[in-house]
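Some notes on the structure that comes next.
So that the names make sense, note that chain A is the first sequence line, chain B the second, and so on, each numbered from 1. When reading the values below, keep in mind they use all heavy atoms of this one structure, side chains included, and skip hydrogens, waters and symmetry mates.
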Amino acid sequence: MRISLALAGWLVCGTAAAETGSTGRFEFGSYGRVTTTSDGRGRTGRDSNIVAHGSRIDAPSYAELEFRREDQYSGGATSRVVATLALFPPFFHFSGKPQQQFGVRNLYATGSYGFFNIWAGSRMYRGDDIYLLSWWPLDNQNTVGGGFGFSIPSSIGNTHIAAQAGMLRLDSPNTYQSIPSVSPIGFGAISAISLDRPHTIESLKVTHTLTRSHIASLPERGGLKFIAYGELHQLAAGVKRDASLNYESSLPEDAGWMAGAEVGYWTGERDSHVSLFVRHARGLAAYDPLGVPTTFGNRHTTAGAHETLVALGANYEIGMFGVLFGGYARMFRDASPSFTSSEKFNEGNVVVRPQLYIAENWGLAIEGSYQARQTAYAAQNGRPGVAALVRGAIFPYFSPSGRGSFKRPQIGVIYAVSARNAAARELYAQDDVFAHRTFEHFVGVTAEWWFNSSTYP
Amino acid sequence: MKLSKVVGIALILALPGVACIEALDNSIKPLKRATLTDDWRDEVVYQLLVDRFANGDVNNDYQVVSGALARYQGGDWRGIINHFDYLTALGVTTIWISPVVRNVETDADVDAYHGYWSQDLTQTNPHFGDLATLRLLVKRAHESGIKVLLDVVANHMGQVFFYDMNMNGKPDEYIAGTGTISPVTRTTEWDPDFDPRGIQAQTSLGVAGRAPIIFINDPLINRIPPRPAIFASAAAYHAFGRVLSYDDPKQVLLADFPGGLKDLATELPQVRTALIDAYVQWVKLVDFDGFRLDTVKHVEHDFWRVFSKGVRDRLAAEGKTNFMLVGEAFDGDDALLGSYTRPGELDSVFYFSQHFQVFRDVFEYANDPTKRRGTDQIASLWSTKKGNYGTAPQPGGIGLPPYKALMNIIENHDRPRFLFESNGNLAALRNALTLLMTEEGIPCIYYGSEQEFSGGNDPANREVLWKTAFSTEGGTFRHIARLAKIRQQYIALRRGDTTVRWSSAHVGTESDAGIFAFERGGGDVGNQKVLVVMNVSESQQSATERPGLGLTTAFAPGTILVDVLSETPRQVTVDRGGELHMQLPPQSAAILVPQNQVM
């Protein structure tokens, strides 16, 4: 009933807003990290993670610039138009090249009235992350599409329901092909799109939030939330063609689904929180939609592939001390008939970062992590490999905005040393120094910030 | 709501994920090595090109060009694993698979789908699978009662280096000469013509000594320095260039094989050791049951003595005996073939002289009056076995004298298919298969014979088998399966000695034109005897008689013989004189067993 009233009000307010005008403002927000490091041996420092979600500490530079227009209309409706440019390294001062790689990550508009909101466009559509892993374990979509959501407040908690549908079509030979074709008029050739296989995703997310008003034992500003989340994936069929020889390969339609859940608890004090994630995906949904599956079942589909993961992220701060935690265990099985595919593996990563806050603006973080991947792939010695990497790091920093693990910006010095075992070294080509070195150093300076970003509120 | 209830809900949400966890497959443990063969004459060998037999995993279909037979087609070891039922239905007991080692990928738009362009003797060819899959293949084969022969190459590596003849540090192809005052010649530094001095460097002033050998690094086609490391040194190669004449013994032994396949200096002890080490290691890793040895006539005899002893001794120490060493000397010269079965060398060779003189001249040419030969040519060839081939088992070998264990072939991957050469003479093919499966030695069927493939020269004779949907309903498939069953039932057909009872030079309208008869029995099998009678005439019903003469058998007068090959009951009786008078339709055969011994 409250929803329909809200919707009716929103429909009415469209007229009212036109009559009475609006107030609005432009906003700028940003997320960024810029790091420059050495390996201590004369080369640049480099990410040495061996699992899908390694620790963030040696992550490469990356930045987003968000431009946003926000309006509030007198009838109660609001709107927001968001454009986010993402910048990828190398930057000009490093490479000397004026060309800069950037991507348009957000380009969408959203409107809301009361408990209802609707959006459409190109959007990073995300839930909660695990900071130390730089990862959104449950919902992290990057599509062009649209969605809506609405809230249902009640005495047993606040429920928010969000649905979305989007599409992406990667510029990959398996999803898109443009071939030269004889021009229908005159001479020569023109391009014809011969393969066009969009990947569509629909999702539904139900979030139920409890606060002290619902559970008396919760902290005053704390809360609990439960999230149930699911996705459906579809990939259209197509035919890939060798344009010169006219060989054709049929690419069948593909599909998948994912279901997952999250339980989160926060104290409301100094960003202390803990989040537990579980998800299971099958078929196409087991893969990152921005990646391209490289192995298939014999029908050239991902049917049979599956992924199961459990992840935990947490932060706790008290007085001069704080500790961040991130970890996950993931089982991935591709659809290939071979049981020794390199895409059948178990992996995991555990990262702990205790911190000492010195005075109000300084900090000293120490990080330890262990990551490993066991692959069902026989090395020539006949044994399955368990690639493992242990890392220790120290990160003293200056935090102008105050003490806390999530206060930004942070400007500091990083030193990390990683040790990889023989199986980890075998993941690299023989011409790569990583194939021959057990220890890897990563030393340099770094800055990270975020402010006023709608993606990282 | 209480906090404990909330935690309970969280656990319930987590459970579905936990329940989905499964262990990684652990079936890649090293295999136990075992000797599975008692007598290699009991085997029915099936030669298959891995790339062409079955595609069991599309994920290794790297650069497959479907339908272009000079390119990879996608077959792999997983495919073989999926089709052991097809092989056992055919009666196969041993498979001979393509080389397993990593190859140079491609050259001049022709791929190494066959496996003979070795680059790394220590790694598997990723087009076919990985070590675990290869192990699974052999494991499943052994569980199905099937042995596995591995194809190995000792003569050469792939096109892994070029001769820097003009010393400019890069591989060149050039044309020289004016065509008027000097001949126009084309030279490729990858594959120059044989030079008895060794390939020479050339400048405008003339020759400049042996051309430097340069190993190239082209990872895109895996043309990189070979392994083990000794094969990445110039000293490991003869470097005389490409063979021009197979009549020149020096070229046969020292020249590069066609295609720029670099000839190894197999006389060097360190090269010999490296080859023995590399190939023994595959048996230790995978438990193969024998080697098919490629291009043996291009390697000196002394190598084969050292190699054979080295392999046998090393494997015996691992508990693997009766390990078959069968060599391929692609030559019709019977004495040459036999030379590789001298004491201390190989257990067997492919019986190429029979392939040419019998299966080609007598069967393939049966419908060509200008080429066909009488069956006396079979008898004549067989009569030289004891003279040309080893008559004592090799020390530490398979326990059989080579002359009794020759590998008989109608087709292989280097010869046009029987049906191509015979203009589709299916009756002749089936009759030839009857001889193959009943004669002394070990029958070896080239994949696709059972599906009546008819491709011409390489690569047309390397068809894709899975396009047949692995049908077991075809007439030739059923004929082979029936012959294999009969061979299995009657030990005389596997282990018996041979006595030729009838052969004929007649190929026209004479009464016995095309008749050939031989008895199998005695020797290692005691009293059981089987008489095989065949008519290879293309046009007439012939008989086991000519004026004043009938077929004499070892069977007593009055013995009733039953044709166990015929699908309809057929009997003949040995007459009072001990002779057998029998008429056979064109291109047909009978396998005659005494009535009281029929199984």
Set of residues satisfying side chain to side chain donor-acceptor pair (under 3.5 Å) with respect to A:Lys205, sequence neighbours excluded | A:Asp139
Quick check: are there more than 12 heavy atoms from other residues, nucleotides or ligands sitting under 6.0 Å from CD of A:Glu253?
-> no
Qualifying residues under side chain to side chain donor-acceptor pair (under 3.5 Å), relative to A:Ser336, sequence neighbours excluded | A:Asp334, A:Lys344
Neighbours of chain A found in residues 54-68 of chain B - heavy atoms under 4.5 Å = B:Asn55, B:Gly56, B:Asp57, B:Val58, B:Asn59, B:Val65, B:Ser66, B:Ala68
Does a sphere of radius 6.0 Å around CZ in A:Arg212 hold more than 12 heavy atoms from other residues, nucleotides or ligands, not counting ones at 6.0 Å or beyond?
-> yes
Greater than 12 external heavy atoms within 6.0 Å of A:Arg241's CZ = no
With sequence neighbours excluded, tell me which residues meet ring-ring contact (aromatic ring centres under 6.0 Å, His included) with A:Phe325.
-> none
Turns out that what part of A:Tyr247 lies under 4.5 Å from chain B's heavy atoms comes down to side chain
In Å, rounded to the nearest 0.5 Å, how long is the span from OG of A:Ser338 to CG of B:Asp130?
-> 5.5 Å
So which part of A:Ser249 gets closer than 4.5 Å to some heavy atom of chain B, the side chain, the backbone, both or neither?
-> neither
Any chance CZ of B:Arg140 has more than 12 other-residue heavy atoms, nucleotides or ligands included, within less than 6.0 Å?
-> no
